[in-house]
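Below is one structure, written out as structure tokens; the observations come after it.
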Amino acid sequence: MSDNDTTDARSDEREGVSRDFVRAAIEEDIRSGRFGGRVHTRFPPEPNGYLHIGHAKAICLNFGVAQEYGGLCNLRFDDTNPVKEETEYVDGIKNDIRWLGFDWADREYFASDYFEQLYAYAEQLITKGKAYVCDLSPDEVREYRGTLTEPGRNSPYRDRSVEENLDLFRRMRAGEFADGNRTLRAKIDMASPNINLRDPIMYRILHATHHRTGDAWCIYPMYDFAHGQSDSIEGITHSLCDIEYEQHRPLYDWFLDELEIYHPRQIEFAKLFLSYTVLSKRRLRILVEQGYVSGWDDPRMPTLAGLRRRGYTPEAIRAFIDEVGVAKSNSIVDVALLEYHIRQDLNQRAERRMAVLDPLKVIIDNYPEGQEEKLEAINNPEDPDQGVRTVPFSRELYIERDDFREDPPRKFYRLAPGREVRLRYGYFVTCTGVDKDPDTGEVVALHCTYDPATRGGDAPDGRKVRGTLHWVSARHAVTAEVRLYDRLFSKPDPDEAPEDGDFTDNLNPNSLQVIPAALVEPALADAKPGDTVQFERLGYFCVDPDSADKLVFNRTIALRDTWAKIQSHMDK
RNA sequence: UGGGGCGUCGCCAAGCGGUAAGGCAGCGGCCUUUGGAGCCGCCAUUCGGAGGUUCGAAUCCUUCCGCCCCAGCCA
């Protein structure tokens with residue numbers, strides 16, 4: 001990746017000051033030579049679902065830190081639970097990480113690659129008298145564990161001999177026992193105030209087919225017994241994880257110490273939450289499976305696949321993550337910050353086009369019938385290198401219905417009877433008449449006159465107009481479907497649900513609005529899926545993969561709308 | 001009323017004993033052929049509360065309050 005600009009800029013700004021406590025800790029370790037000055041991280045997703053914006057934080061942190069300190073970052077799939085994991089997800093995850101802009105080269109690993117080694121570690125602990133096979137049922141294990149306020153009791157199987165434990169564990173592996181009948185447990189302390197240390201389960205029996213190891217195993221290591229050792233095997237220096245694992249760290253350290261193997265450092269940071277959305281896999285799955293959205297890549301989803309389809313760029317997401325920072329406090333970041341960054345990015349790169357979502361016909365009465373001309377329009381005022389294009393103009397046009405008011409309110413400076421406005425890159429036009437449906441009274445068309453001297457949009461006499469409208473030539477316009485998206489939930493915290501309801505009660509009923517026949521300028525006729533443009537005065541839109549016989553645009557994000565703000569102030 | 005973590009502006013977040021960075025949001029103004037963008041200005045006498053130590057505290061001590069996490073053979 002090439003854009004470490006922001007990072008560099010910051011460290012230049014305040015020399016010697018780390019960006020966050022994680023980097024500060026790593027820098028300290030580099031200084032002290034703790035890991036021989038190495039930095040080696042890993043991003044360890046479980047392949048049981050799609051990555052979302054919350055994962056982007058962990059990805060950017062792990063890969064980012066490695067880049068910044070000249071280290072490496074592994075991609076490791078934490079696939080120790082065969083009943084939840086699928087190959088479909090590992091492909092999706094790899095695709096998303098690459099899209100975000102990170103590269104793990106050939107450093108792609110699976111915890112399942114270590115099953116044999118992990119098994120050997122387990123026997124080692126048994127031999128050392130630090131692990132035992134327990135025959136308690138799941139219910140009994142829970143009962144013996146005690147509660148948050150009461151200590152647990154020792155399992156009656158805790159003092160089996162090493163020989164018996166070894167024999168039983170080997171038979172567990174051999175498949176002699178049914179699921180749930182026995183477990184291998186670490187012998188630590190059933191009275192520990194830290195429940196994770198009350199003889200945690202290391203292995204459980206699971207007669208299930210693993211997406212990679214197939215039926216080779218019927219016992220599988222638990223997260224706590226697999227993660228630290230996997231880090232150790234890979235030579236990881238800094239194992240960065242969620243704050244919830246802070247209370248697992250004593251266990252992480254215990255296994256590594258008892259095994260007397262290379263010992264990485266676990267550092268915990270707070271994960272990211274975003275307002276107006278949910279990020280737990282459980283809830284996202286409900287949205288998908290119960291049809292609230294069209295799939296994991298529905299443009300309203302906070303998944304990387306959804307954001308990508310929505311038109312978010314990796315650069316915007318990285319800039320957002322970068323700005324959110326890394327700390328230890330629970331935080332719900334305002335989506336407005338994400339929205340700010342995508343606007344910021346797209347404003348620089350997206351070419352401008354004109355499109356009318358809710359067309360109102362305009363007839364230029366003094367413009368010769370049958371005449372047409374090509375007007376020059378700038379592709380991107382922010383970037384002259386993007387050049388110009390040509391937009392056809394003719395006697396009949398369409399403008400946005402919103403841009404006309406028969407009885408304009410204060411501060412409305414768009415079109416109204418008798419008023420003159422500019423058609424962007426076109427002419428000044430003045431509204432001279434309104435055609436209405438005799439029955440409904442609805443405005444069906446506007447009559448205007450144009451000033452030929454204002455071609456291109458400037459008046460030689462220097463007169464000014466307040467409003468500039470986007471438009472499209474009726475005869476030349478291309479029809480397209482446009483999908484307008486809004487926040488998926490109507491509450492900043494969707495989990496704040498009514499008494500007897502859940503987060504789905506907070507779904508925003510207007511999160512998707514489909515406009516079947518919007519009109520776009522002809523330059524858009526051969527736009528391809530993934531192309532992003534700004535529809536002038538409306539927002540940023542990208543071409544959806546659904547585009548086949550007709551164009552389909554997704555609105556990534558609307559432009560900031562000062563007029564809407566003015567209106568809401570006037571309503572008060 | 002077991003343990004762990006966290007509390008600095010509406011939302012994030014710097015700060016690490018020397019007298020509250022920055023971004024987003026918001027509010028004014030300038031500019032403008034996008035009511036976009038850009039530019040300028042404003043926006044915490046105060047750091048969850050209360051005591052204490054100190055010449056000096058968001059930073060140290062005491063105490064209280066609030067929020068989050070842990071009782072999966074999930075990760």
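Order of the sequence lines fixes the chain letters, A, B, ..., with proteins taken first and strands second; residue numbering starts at 1 for each chain. None of these values were measured; they are calculated from a predicted model.
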**Asked** Can you tell which of Arg389(A), Arg352(A), Lys374(A) makes a salt bridge (Lys or Arg N to Asp or Glu O under 4.0 Å) with Glu521(A)?
**Response** Arg389(A)

**Prompt:** Backbone N or O of Ala111(A) within a donor-acceptor pair of the Asp79(A) side chain at under 3.5 Å?
**Reply:** yes

**Asked** So, is G72(B) syn or anti if syn means the angle is within 90° of 0?
**Response** syn

**Message:** What's the gap between U54(B) and G10(B) when it is taken at their P atoms, as a whole Å value?
**Reply:** 34 Å

**Asked** In terms of the angle between their ring planes, are Trp217(A) and Phe115(A) parallel, tilted or perpendicular, with boundaries placed at 30° and 60°?
**Response** perpendicular

**Message:** So if I define the base as every atom that isn't primed, P, OP1 or OP2, how would nucleotides 36-42 of chain B read as a B/S/- string at a heavy-atom cutoff under 4.0 Å?
**Reply:** BSS----

**Request:** Using the test side chain to side chain donor-acceptor pair (under 3.5 Å), find all partners of Asp458(A) that sit at least two apart in sequence or belong to another chain.
**Result:** none

**Prompt:** Which residues satisfy the ring-ring contact (aromatic ring centres under 6.0 Å, His included) test with Tyr114(A), sequence neighbours excluded?
**Reply:** none

**Request:** Would you mind classifying the nucleic acid contact of Arg466(A) as base, sugar-phosphate or nothing, using non-hydrogen atoms under 4.0 angstrom?
**Result:** nothing

**Separation of U34(B) P from Asp403(A) CG (nearest whole Å)** = 13 Å

**Between Tyr312(A) and Glu339(A): side-chain donor-acceptor atoms closer than 3.5 Å** = no

**Item:** Nucleotide forming a Watson-Crick or wobble pair with C67(B), both distances under 3.5 Å
**Value:** G5(B)

**Asked** Touch check for Lys565(A), heavy atoms < 4.0 angstrom, all strands: base, sugar-phosphate only, or nothing?
**Response** sugar-phosphate

**Asked** Now, which nucleotide makes the Watson-Crick or G-U wobble pair with C55(B), with each of the two distances under 3.5 Å?
**Response** G18(B)

**Prompt:** In whole Å, what separates the C1' atom of A58(B) from that of U19(B)?
**Reply:** 11 Å

**Message:** In this structure, how many angstroms lie between the P atom of C68(B) and the CG atom of Asp493(A), rounded?
**Reply:** 10 Å

**Asked** So, His470(A) side chain and Met354(A) main chain: donor-acceptor pair closer than 3.5 Å or not?
**Response** no

**Asked** Reckon Tyr276(A) touches a base, only the sugar-phosphate, or nothing at all at heavy-atom distances under 4.0 Å?
**Response** nothing

**Atom-to-atom span, CZ of Phe541(A) to P of U34(B) - whole angstrom** = 18 Å

**Asked** Any idea which heavy atoms bring Ala270(A) and Ser329(A) closest together, and the distance?
**Response** CB-O, 3.3 Å

**Asked** Considering Watson-Crick and G-U wobble pairs with both distances under 3.5 Å, what does C42(B) pair with?
**Response** G26(B)

**Request:** Kindly confirm or rule out a cation-pi arrangement of Arg42(A) over Tyr109(A), judged by NZ or CZ under 6.0 Å from the six-membered ring centre and within 45° of its axis?
**Result:** no

**Message:** Using ring centroids (six-membered ring only for Trp), state whether Tyr203(A) and Phe225(A) fall under 6.0 Å.
**Reply:** yes

**Asked** In whole angstrom, what separates Leu415(A)'s CG from G35(B)'s C1'?
**Response** 15 Å

**Request:** Can you tell me, in whole Å, how much space there is between the C1' of U53(B) and that of U63(B)?
**Result:** 15 Å

What does the list of N/O pairs under 3.5 Å between the protein and nucleotides 73-75 of chain B look like, with a distance for each?
from: C73(B); atom 1: OP1; to: Arg145(A); atom 2: NH2; distance (Å): 3.2
from: C73(B); atom 1: OP2; to: Arg145(A); atom 2: NH1; distance (Å): 3.0
from: C73(B); atom 1: N3; to: Gly180(A); atom 2: O; distance (Å): 3.2
from: C73(B); atom 1: N4; to: Leu136(A); atom 2: O; distance (Å): 2.8
from: C73(B); atom 1: N4; to: Pro138(A); atom 2: N; distance (Å): 3.1
from: C73(B); atom 1: N4; to: Gly180(A); atom 2: O; distance (Å): 2.8
from: C74(B); atom 1: OP2; to: Arg204(A); atom 2: NE; distance (Å): 3.2
from: C74(B); atom 1: OP2; to: Arg204(A); atom 2: NH2; distance (Å): 3.1
from: C74(B); atom 1: O3'; to: Arg204(A); atom 2: NH2; distance (Å): 3.1
from: C74(B); atom 1: O2'; to: Asn81(A); atom 2: ND2; distance (Å): 3.1
from: C74(B); atom 1: O2'; to: Lys84(A); atom 2: NZ; distance (Å): 3.3
from: A75(B); atom 1: OP1; to: Thr80(A); atom 2: OG1; distance (Å): 2.8
from: A75(B); atom 1: OP1; to: Arg204(A); atom 2: NH1; distance (Å): 3.2
from: A75(B); atom 1: OP1; to: Arg204(A); atom 2: NH2; distance (Å): 2.8
from: A75(B); atom 1: OP2; to: Tyr223(A); atom 2: N; distance (Å): 3.0
from: A75(B); atom 1: O3'; to: Asp78(A); atom 2: OD2; distance (Å): 3.4
from: A75(B); atom 1: N6; to: His248(A); atom 2: NE2; distance (Å): 3.4
from: A75(B); atom 1: N3; to: Tyr245(A); atom 2: OH; distance (Å): 2.5

**Request:** To the nearest Å, give me how far apart CD1 (Ile321(A)) and P (C24(B)) are.
**Result:** 17 Å

**Fill in**
In Asp135(A), Asp199(A), Asp189(A), the residue satisfying salt bridge (Lys or Arg N to Asp or Glu O under 4.0 Å) with Arg158(A) is Asp199(A)

**Prompt:** In whole angstroms, how far is the C1' atom of C70(B) from the CG atom of Asp242(A)?
**Reply:** 14 Å

**Item:** Integer-rounded Å distance: G15(B) C1' and Asp20(A) CG
**Value:** 14 Å

**Message:** Rounded to whole Å, please give me the gap between CG in Leu469(A) and C1' in U32(B).
**Reply:** 16 Å

**Item:** For RNA chain B, the residues among residues 47-62 of chain A that have a non-hydrogen atom under 4.0 Å from it
**Value:** none

**Request:** Give a yes-or-no answer on whether the side chains of Arg422(A) and Thr468(A) include a donor-acceptor pair shorter than 3.5 Å.
**Result:** yes

**Request:** Determine, for nucleotides 2-12 of chain B in 5'-to-3' order, which nucleotides have protein heavy atoms under 4.0 Å from the base (write B), from only the sugar-phosphate (write S), or from neither (write -).
**Result:** BB-SS----SS

**Request:** Mind listing the closest non-hydrogen atom pair of Ile399(A) and Leu469(A) along with its distance?
**Result:** CD1-CD1, 4.1 Å

**Base-pairing assignment for U32(B) (Watson-Crick or G-U wobble, both under 3.5 Å)** = none

**Request:** Output yes when a side-chain donor or acceptor of Thr454(A) lies under 3.5 Å from a complementary backbone atom of Asp451(A), and no otherwise.
**Result:** yes

**Prompt:** Touch check for Tyr413(A), heavy atoms < 4.0 angstrom, all strands: base, sugar-phosphate only, or nothing?
**Reply:** base

**Asked** So what does Val335(A) touch, heavy atoms closer than 4.0 Å: a base, only the sugar-phosphate, or nothing?
**Response** nothing

**Prompt:** Ring centres of His227(A) and Tyr223(A) under 6.0 Å apart?
**Reply:** yes

